[in-house]
Amino acid sequence: MSPLLQWIIVAVAVVLALQFVIRKYFPAWIKRQRQALAIALLRQPGPAWRRRLGQRIAPPSTGSKAGGCDDCNGCD
């Protein structure tokens with residue numbers, strides 16, 4: 001196996017592991033980043049595809065719950 005292919009496989013494994021760790025231990029940070037990006041895409045007038053992307057990226061609303069989501073109890 002070529003060294004370049006080995007480096008690519010290792011890089012993909014590292015990225016996947018990093019993604020898992022961030023999703024597992026930093027859900028509130030992910031939500032804030034998604035909100036900021038969605039607001040930036042929705043605020044500025046622009047093409048329809050950008051507004052659709054902003055709506056898709058926006059985190060789901062928490063509804064009428066005062067405490068937020070019931071997913072993990074580890075956000076705050």
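The structure displayed is predicted, hence computed values, not measured ones.
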Shortest non-hydrogen contact between Leu42 and Arg51, atoms and distance: O-NH1, 2.8 Å
Heavy-atom closest pair, residues Gly54 and Ala38: O-CB, 3.4 Å
Same cluster (ILVMFWY, side-chain, under 4.5 Å), Tyr25 and Ile30: yes
Cluster link Leu4 to Val10, ILVMFWY, side chain under 4.5 Å: no
With sequence neighbours excluded, residues passing side chain to side chain contact (heavy atoms under 4.5 Å, CB included) with Arg43: Ile39
With sequence neighbours excluded, residues passing side chain to side chain contact (heavy atoms under 4.5 Å, CB included) with Leu18: Ile22
So how far is it from [X] [atom1] to [Y] [atom2], rounded to the nearest 0.5 Å?
X     : Y     : atom1 : atom2 : result
Arg50 : Ile57 : CZ    : CD1   : 11.5 Å
Arg32 : Phe26 : CZ    : CZ    : 10.5 Å
Gln19 : Arg23 : CD    : CZ    : 4.5 Å

Side chain proximity check, Arg34 to Pro60, heavy atoms < 4.5 angstrom: yes
